[in-house]
Amino acid sequence: MASAADEPVAEAATQAADEPKLSDEHKAALAVGRTQGRAVKAYLEALNEHRPRRGRKRTGETVRRRLETVEKELESEFDPLTRLHLIQERMDLLEELSGLESGVDIGRIEDEFVVVAADYSSRKGITYQAWREAGVSADVLKRAGVGRRG
């Protein structure tokens, strides 16, 4: 005779047996979707991390020069609010410099995105304009075969 404690285990086993098995094609489609999703996510994250903070792209040298200037300004006497802003700017510059020197190969990540973007767009219903608003350049979308019209 089964105890009340055994009932949830038996019920879970029955539910698992009732669930349909995934076909090899379905498993392959899920794997493709995961791979494409990872490539798209990596590219969008890289774009976000390396997006220029201003109208023009700064180099490591220009960031280092501004950092030196901020460091010198912090040695001077400023009102507390100005000092706070300089401290934050220094932190932002250090983070930007770290990103510039990280050696992330955005070209490789972009190439992986280009391979999957058209199929991913089609499967997920992502439009050209949505990609553009997310920061993907028109040139990259063209290389990927993602057109302005579905």
Side-chain angles (χ1 to χ4, degrees), residues 1-71 74 83-150:
M1 189 173 210
S3 71
D6 293 332
E7 288 179 26
V9 173
E11 186 177 317
T14 303
Q15 286 176 351
D18 293 341
E19 292 178 14
K21 303 283 185 216
L22 296 179
S23 69
D24 289 341
E25 293 82 21
H26 191 172
K27 289 177 185 177
L30 289 172
V32 167
R34 283 189 301 270
T35 300
Q36 289 179 347
R38 279 192 296 271
V40 168
K41 182 179 180 186
Y43 182 62
L44 294 176
E45 286 175 346
L47 281 179
N48 194 44
E49 287 293 317
H50 295 89
R51 179 173 296 147
R53 307 259 191 291
R54 299 169 185 231
R56 62 176 193 239
K57 187 171 182 165
R58 297 200 293 190
T59 65
E61 182 56 36
T62 58
V63 172
R64 277 191 280 287
R65 278 198 308 261
R66 178 61 190 153
L67 187 57
E68 287 175 16
T69 302
V70 168
E71 292 285 356
L74 279 168
R83 181 167 176 71
L84 173 67
H85 288 277
L86 287 169
I87 290 169
Q88 184 61 57
E89 183 178 0
R90 178 180 61 192
M91 292 171 67
D92 293 343
L93 288 165
L94 288 169
E95 184 177 338
E96 184 177 353
L97 190 57
S98 174
L100 288 171
E101 295 174 346
S102 71
V104 171
D105 185 1
I106 196 158
R108 178 189 57 79
I109 295 170
E110 184 177 284
D111 290 343
E112 290 173 2
F113 171 82
V114 164
V115 170
V116 303
D119 188 43
Y120 186 88
S121 294
S122 177
R123 281 187 318 101
K124 298 290 189 173
I126 308 295
T127 64
Y128 177 91
Q129 189 58 37
W131 287 120
R132 293 292 288 131
E133 285 189 35
V136 180
S137 75
D139 291 339
V140 170
L141 291 172
K142 184 177 181 179
R143 283 183 40 219
V146 176
R148 293 179 190 258
R149 298 202 177 19

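Below, all heavy atoms of this structure are taken into account, side chains as well, without hydrogens, waters or symmetry copies. These figures come from a predicted structure and were not determined experimentally. Residue indices begin at 1 and follow the sequence shown.
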Exercise. Do the side chain of R83 and the main chain of L74 share a donor and acceptor less than 3.5 angstrom apart?
Worked result: yes
Problem set entry | Pairwise side-chain contact, Q36 with R123, heavy-atom cut-off 4.5 Å (strictly under) | yes
Exercise. Hey, mind stepping through E110 and L47 against side-chain contact (heavy atoms from CB on, under 4.5 Å) and telling me if it holds?
Worked result: CA-CA 9 Å; E110 184 177 284; L47 281 179; 5.7 Å; no
Problem set entry | Donor-acceptor under 3.5 Å (S98 side chain, L94 main chain) | no
Exercise. Do E89 and R66 sit within salt-bridge range, that is, some charged N less than 4.0 Å from a carboxylate O?
Worked result: yes
For this session: Measure across Y128 and A138 and return the closest heavy-atom pair with its distance rounded to 0.1 Å.
Result: OH-CB, 3.4 Å
Problem set entry | Distance (rounded to the nearest 0.5 Å) between T35 OG1 and E112 CD | 10.5 Å
Exercise. Do L44 and V136 come within less than 4.5 Å of each other through their side chains, counting heavy atoms only?
Worked result: yes
Exercise. Do you know the tightest heavy-atom contact between A144 and A118?
Worked result: O-CB, 3.4 Å
Problem set entry | Spacing of NZ belonging to K41 relative to CD1 belonging to I109, to within rounding of 0.5 Å | 13.0 Å
For this session: Answer yes or no: is there a side-chain heavy-atom contact under 4.5 Å between R148 and L141?
Result: no
Review item, side-chain donor-acceptor pairs of residues 23-34, under 3.5 Å, at least two apart:
residue	atom	partner	partner atom	Å
S23	OG	E25	OE1	3.4
S23	OG	H26	N	3.0

Problem set entry | Pair V116-V40, side-chain contact (heavy atoms from CB on, under 4.5 Å): steps then yes or no | CA-CA 8 Å; V116 303; V40 168; 4.1 Å; yes
Exercise. Between R64 and L97, what is the shortest heavy-atom contact and its length?
Worked result: NH1-CD1, 3.2 Å
Problem set entry | Non-neighbouring partners of F113 that pass ring pair (Phe, Tyr, Trp, His ring centres under 6.0 Å), sequence neighbours left out | Y43, W131
